[in-house]
Amino acid sequence: MISLYNTLGGERQPFVPGDADRVTMYVCGPTVYGPAHIGNARPAVVFDVLARLLRRRYRLVYASNITDVDDKINQAAAEKGVPIATVAQRWIRTWREDIAGLGVLAPDRQPLATEHVPQMIGLVKSLLKSGHAYEAEGHVLFRVGAYAAYGELSGRNRDEQIAGARVEVAPYKEDPADFVLWKPSSDELPGWESPWGRGRPGWHLECSAMAREHLGETIDIHGGGRDLIFPHHENEIAQSCCAHGAPLARYWMHNGMIRMGKSKMARSVGNILTIRELREKVPGEVLRLALLSARYRDPLEWTDELIAASRQRLDRLYRVLLDCAAESREEGLAQAVEPSVELVQALEDDLNTPAALGVLAREARELRAGTVEPAAGAASLKAGGFLLGILQTDPGEWFTAAESGPELGAEEIEARIGERARQREAGDYAAADRIRKELGERGVILEDGPQGTTWRRTAL
RNA sequence: GGCCAGGUGGCAGAGUGGCGAUGCAGCGGACUGCAAAUCCGUGGACGCCGGUUCAAUUCCGGCCCUGGCCUCCA
């Protein structure tokens, strides 16, 4: 039994899909106007774990969109003096590389907003027809007052909302809470012909149209960052429910924010760390583990200590795997092994990844202690790792592969080790220690064993 | 101001009405030329004030604090 915290209702609930043969999940993806930061990566990673978990039990169709038409993209293009499509394409490519580097399996569908404009126009038409929307000065607006359940997801009522609103109220709005479905485009802006003139869609509309197109009117799980609950998801619900006469999603899941210092990581705050720059220094797998070290709903403070501890954790697990591989030459016999029951239970409990990592650590300890057969134990560890999206690298490679950048090559390291071995044989330990220290400063740790000296890389 | 999360040991972070996960760090020991790695052992916690209970970190109430949303935002 999988249980999930449902923002709609504010409680953990048993997961019961509408159709067990076709479970559907939609997660709001990025708007592509610049390099994505590690905060953007959290939902991608978290819902990737959920997708892996769901696939154990169900046939899943997982869609995650990319918003490639947006005023921020227009602005970025104008600033650089390049076509809008160039900006969008560049950052779409970057985004895909970035999350692939974090071990995120490609969603089944990755719809682009610009490829679904006809569907969006259709949605607006039906909302106009049913009286849930109105035209005003080239815009089409959603009439919030026409949807009684508005505010259900975010838990706010209309009065509070108006009281707290600092929104600039466009004069053509019937009600300050009304939001844009379609807006007019000038000639230099991207635009599509529509019954209301040349224009472009409002942000919220995209997700409603794409979710409908790829997954159906009522989907099982809709995910995204907590900061999207209002207004984005609230508006999606309003549009979709009014257009389709059916709920948009059964379960709404929201991940907590990544923090840097005292506030959330956000471009507007100026405290972002891009996935790109992080990956120059740290393997993507370490970043992934760091993202999974807290529960997905909680905020996560991003620090150097977090990265260091994540790296150590992973090193430890890989070391066990490495030793197991050495012990049981005949690997391959334990290939299609199931992850441990405890690990699966932890994840099925609203994606309790910290507990799952605890299970992995315990399994590793048992392997160390020799109470489990190495090949089978290692296979189980890897199977558990797969659910989390870690531990799939060859252990030997894990410790010797170089990060990007000018690091010491393997040949050079081997040569220095040979040199050191001669010094040790000659009893010149001072010189030998110098070499070890020097390599250590360059991120290479030497370990002397009965079989000779081995080396591995570590975080600098 | 309104709404929503959360406050656990040096740090990160699970969990539970009574038996104190897990990782990193620390301490003692084994191993090692010395280290590293590994192994054995070990100390240390539940924001504050009340209440319920035989028993509360865990349930209830109040307070304090932190973060998120109310505007673009993963």
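Reminder, nothing fancy here: chain letters follow the sequence lines and each chain counts from 1. These numbers were taken from a predicted model, which means no experiment stands behind them.
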Inter-nucleotide P distance (rG28(B), rC48(B)), Å rounded:
32 Å
Nearest-nucleotide check on RNA chain B, Q312(A) vs S154(A); residue mapping nearer the 5' end is S154(A)
Nearest-0.5 Å distance, CD of residue E206(A) to CE of residue M120(A):
5.0 Å
Distance check needed: rA74(B) C1' versus K264(A) NZ, whole Å only.
8 Å
Gap in Å between the two C1' atoms, one belonging to rG6(B) and one to rG47(B), rounded:
12 Å
Is the backbone of G256(A) close enough, under 3.5 Å, to the side chain of R295(A) for a donor and an acceptor to pair up by distance?
no
Quick one: is rA37(B) close enough that its OP1 or OP2 comes under 4.0 Å of any side-chain N or O from R316(A)?
no
If you measure from the C1' atom in rU58(B) to the same atom in rG18(B), how many Å do you get, rounded?
11 Å
rG67(B) and rG10(B): how far apart are their C1' atoms, nearest whole angstrom?
23 Å
Within this structure, what is the CZ-to-P distance between R259(A) and rA12(B), rounded to whole angstrom?
10 Å
Residue whose closest nucleotide on RNA chain B lies nearer the 5' end, A361(A) versus A364(A)
A361(A)
Between R434(A) and D428(A), does any side-chain N to carboxylate O distance fall below 4.0 Å?
no
Separation of the C1' atoms in rU8(B) and rG15(B), to the nearest angstrom:
10 Å
Looking at R52(A) and D48(A), is there a salt bridge between them, counting it only when a charged N and a carboxylate O are closer than 4.0 Å?
yes
If you look at every strand shown and take non-hydrogen atoms under 4.0 Å, does I229(A) touch a base, only sugar-phosphate, or nothing?
nothing
Which nucleotide in rC39(B), rA74(B), rG13(B) has an atom nearest any side-chain atom of N255(A)
rA74(B)
Separation of R267(A) atom CZ from rU71(B) atom P, in whole Å?
21 Å
Quick one: label D298(A) by what it contacts on the DNA or RNA (base, sugar-phosphate, nothing), any heavy atom closer than 4.0 Å.
sugar-phosphate
I417(A) atom CD1 is separated from rA36(B) atom P, nearest whole Å, by 17 Å
Give me the distance, rounded to whole Å, that separates rU22(B) from rG44(B) when you measure between the P atoms they each carry.
16 Å
Sole candidate of R456(A), R436(A), K437(A) that passes side-chain contact (heavy atoms from CB on, under 4.5 Å) when paired with L446(A)
R436(A)
Under 4.0 angstrom, heavy atoms only, what part of the nucleic acid is G224(A) near: base, sugar-phosphate, or nothing?
sugar-phosphate
rU71(B) - base-pair partner by Watson-Crick or wobble geometry, distances under 3.5 Å
none
With the threshold set at 4.0 Å, does a side-chain nitrogen-carboxylate oxygen contact exist between E285(A) and R288(A)?
no
Please classify the nucleic acid contact of R226(A) as base, sugar-phosphate, or nothing, using heavy-atom distances under 4.0 Å.
sugar-phosphate
Separation of the P atoms in rU52(B) and rG61(B), to the nearest angstrom:
15 Å
Under 4.0 Å, heavy atoms only, any strand: does G427(A) hit a base, just the sugar-phosphate, or nothing?
nothing
If you measure from the Lys or Arg side-chain nitrogens to the Asp or Glu carboxylate oxygens, is any gap between R279(A) and E97(A) under 4.0 Å?
no
Paired with rU66(B) by Watson-Crick or G-U wobble geometry, both distances under 3.5 Å: which nucleotide is it?
rA5(B)
For T7(A), report the nucleic acid contact type (base, sugar-phosphate, nothing); a contact means any heavy atom under 4.0 Å.
nothing
The side chain of T31(A) is closest to which nucleotide in this list: rA14(B), rA74(B), rU38(B)?
rA74(B)
Rounded C1' spacing from rC46(B) to rU16(B) in Å
11 Å
From the options rU38(B), rC70(B), rA74(B), select the nucleotide whose nearest atom is closest to the side chain of R368(A).
rU38(B)
Please work out if H37(A) contacts a base, only the sugar-phosphate, or nothing of the nucleic acid, heavy-atom cut-off 4.0 Å.
base
Nearest whole Å is fine: how far is rC4(B) P from Y5(A) OH?
10 Å
Separation of rA12(B) P from R311(A) CZ (nearest whole Å)
22 Å
With both distances under 3.5 Å as the test, what is the Watson-Crick or G-U wobble partner of rA37(B)?
none
Any Lys/Arg nitrogen of D175(A) or R143(A) sitting under 4.0 Å from an Asp/Glu carboxylate oxygen of the other?
no
The Watson-Crick or G-U wobble partner of rU53(B), with both key distances under 3.5 Å, is none
Can you tell me the pairing partner of rA25(B) across any strand shown, Watson-Crick or G-U wobble, with both distances under 3.5 angstrom?
none
Rounded to the nearest angstrom, tell me the gap between atom OH in Y318(A) and atom P in rG23(B).
18 Å
Considering only NZ, NE, NH1 and NH2 on the basic side and carboxylate oxygens on the acidic side, decide whether E342(A) and R362(A) come within less than 4.0 Å.
no
Distance check needed: rA74(B) C1' versus W302(A) CH2, whole Å only.
14 Å
Would one find a side-chain N or O of R365(A) under 4.0 angstrom from OP1 or OP2 of rU38(B)?
no
Is the closest side-chain donor-acceptor distance between S340(A) and S380(A) under 3.5 Å?
no
Grab the N/O contacts between the protein and nucleotides 30-35 of chain B below 3.5 Å, and write none if there aren't any.
unit_1: rG33(B); atom_1: N7; unit_2: R424(A); atom_2: NH2; d: 3.3
unit_1: rG33(B); atom_1: O6; unit_2: R420(A); atom_2: NH2; d: 3.4
unit_1: rG33(B); atom_1: O6; unit_2: R424(A); atom_2: NE; d: 3.1
unit_1: rG33(B); atom_1: N1; unit_2: D433(A); atom_2: OD1; d: 3.0
unit_1: rG33(B); atom_1: N2; unit_2: D433(A); atom_2: OD2; d: 2.7
unit_1: rC34(B); atom_1: O2; unit_2: R436(A); atom_2: NH2; d: 2.5
unit_1: rC34(B); atom_1: N3; unit_2: R436(A); atom_2: NH1; d: 2.8
unit_1: rC34(B); atom_1: N3; unit_2: R436(A); atom_2: NH2; d: 3.3
unit_1: rC34(B); atom_1: N4; unit_2: D448(A); atom_2: OD2; d: 2.9
unit_1: rA35(B); atom_1: N6; unit_2: D448(A); atom_2: N; d: 3.4
unit_1: rA35(B); atom_1: N6; unit_2: D448(A); atom_2: O; d: 3.0
unit_1: rA35(B); atom_1: N1; unit_2: D448(A); atom_2: N; d: 3.0
unit_1: rA35(B); atom_1: N3; unit_2: R436(A); atom_2: NH1; d: 2.9

